[in-house]
Amino acid sequence: MSAKLEQLQASLTAALDGKLANLIVDRGQITVEVSAADYLAAAGILRDHALLDFSQLIDLCGVDYSGWGDGATIETSYPGRFAATSQLLSIHHNWRVRLRVFCQNDGLPIVDSLIPVWNSANWYEREAFDLYGIIFDGHPDLRRILTDYGFVGHPFRKDFPIAGNVEMRYDSEQKRVIYQPVTIEPREIVPRVIREEAYASGTKS
């Protein structure tokens with residue numbers, strides 16, 4: 001580990017103190033995990049503490065950890081199914097950190113909005129809500145941003161059907177776009193396998 005990374009790790013541990021649930025160092029980057037209850041307060045510390053000074057939130061996304069790993073259940077790998085992960089940048093110190101919080105309720109995933117700390121979280125949180133169904137409490141305008149207004153479900157969830165739930169088409173009689181159940185029949189496509197030895201000899205299997 002580099003001296004700069006060690007310095008950042010020590011500063012994070014000291015500044016966050018009791019709010020730090022977990023600190024992971026992997027591939028030259030630090031991930032800070034906090035509980036949902038401490039999420040907003042920890043974000044404020046990361047921004048305002050002189051030793052940290054993470055003045056910019058450069059990205060925020062949702063994550064669905066359902067079935068994460070090689071057959072591992074969510075109980076054995078992570079404390080919840082849904083998480084919000086933010087990438088933070090300190091211009092003053094020229095370092096980065098990843099901030100992660102897990103939603104406490106998989107059925108209704110809710111965490112605080114980071115807009116009071118970093119206004120740039122606005123559209124990122126709308127995207128995470130749209131694609132994963134994560135609700136950001138305190139967001140001033142939490143609505144879909146990528147999918148259509150009549151879209152059903154959240155398409156980046158791992159249990160979302162590949163074909164979707166509804167499809168839309170233009171009805172010439174009603175002169176408007178209407179939504180209807182998906183008419184695509186589920187099917188499995190088996191790829192054609194060409195064996196290397198057969199390919200070299202000019203024959204195909």
Is a side-chain N or O of [X] found less than 3.5 angstrom from the main chain of [Y], in a donor-acceptor match?
X	Y	result
K4	N94	yes
H92	L51	no
S113	F136	no
Y124	I58	yes
R126	R143	yes
H139	D141	yes
Q56	I91	no
S120	L57	yes

Is any side-chain heavy atom of [X] closer than 4.5 Å to a side-chain heavy atom of [Y]?
X	Y	value
D26	T31	no
E125	I134	no
V177	D171	no

(message) Would you call the rings of F160 and F151 parallel, tilted or perpendicular, taking 30° and 60° as the class edges?
(response) parallel

(message) For D130 and H154, which I'm curious about, is there any donor-acceptor pair between the side chains at under 3.5 Å?
(response) no

(request) Compute whether any side-chain donor of one residue and acceptor of the other, for Q29 and R98, lie under 3.5 angstrom apart. (result) yes

(request) Give a yes or no on whether V117 and W123 share a hydrophobic cluster (residues Ile, Leu, Val, Met, Phe, Trp, Tyr; joining criterion: side-chain heavy atoms under 4.5 Å apart). (result) yes

(message) Grouping I, L, V, M, F, W and Y whenever their side-chain heavy atoms are under 4.5 Å apart, do L40 and L99 come out in a common cluster?
(response) yes

(message) Does Q9, at its CD atom, have more than 12 non-hydrogen atoms belonging to other residues, nucleotides or ligands within less than 6.0 Å?
(response) yes

(message) Please check if the number of heavy atoms outside R47 that lie under 6.0 Å from its CZ is greater than 12.
(response) yes

(request) Could you list the residues that satisfy salt bridge (charged side-chain N to carboxylate O under 4.0 Å, His left out) with D53, not counting sequence neighbours? (result) none

(message) Under a 4.0 Å threshold between the charged nitrogen and the carboxylate oxygen, would R81 count as salt-bridged to D64?
(response) yes

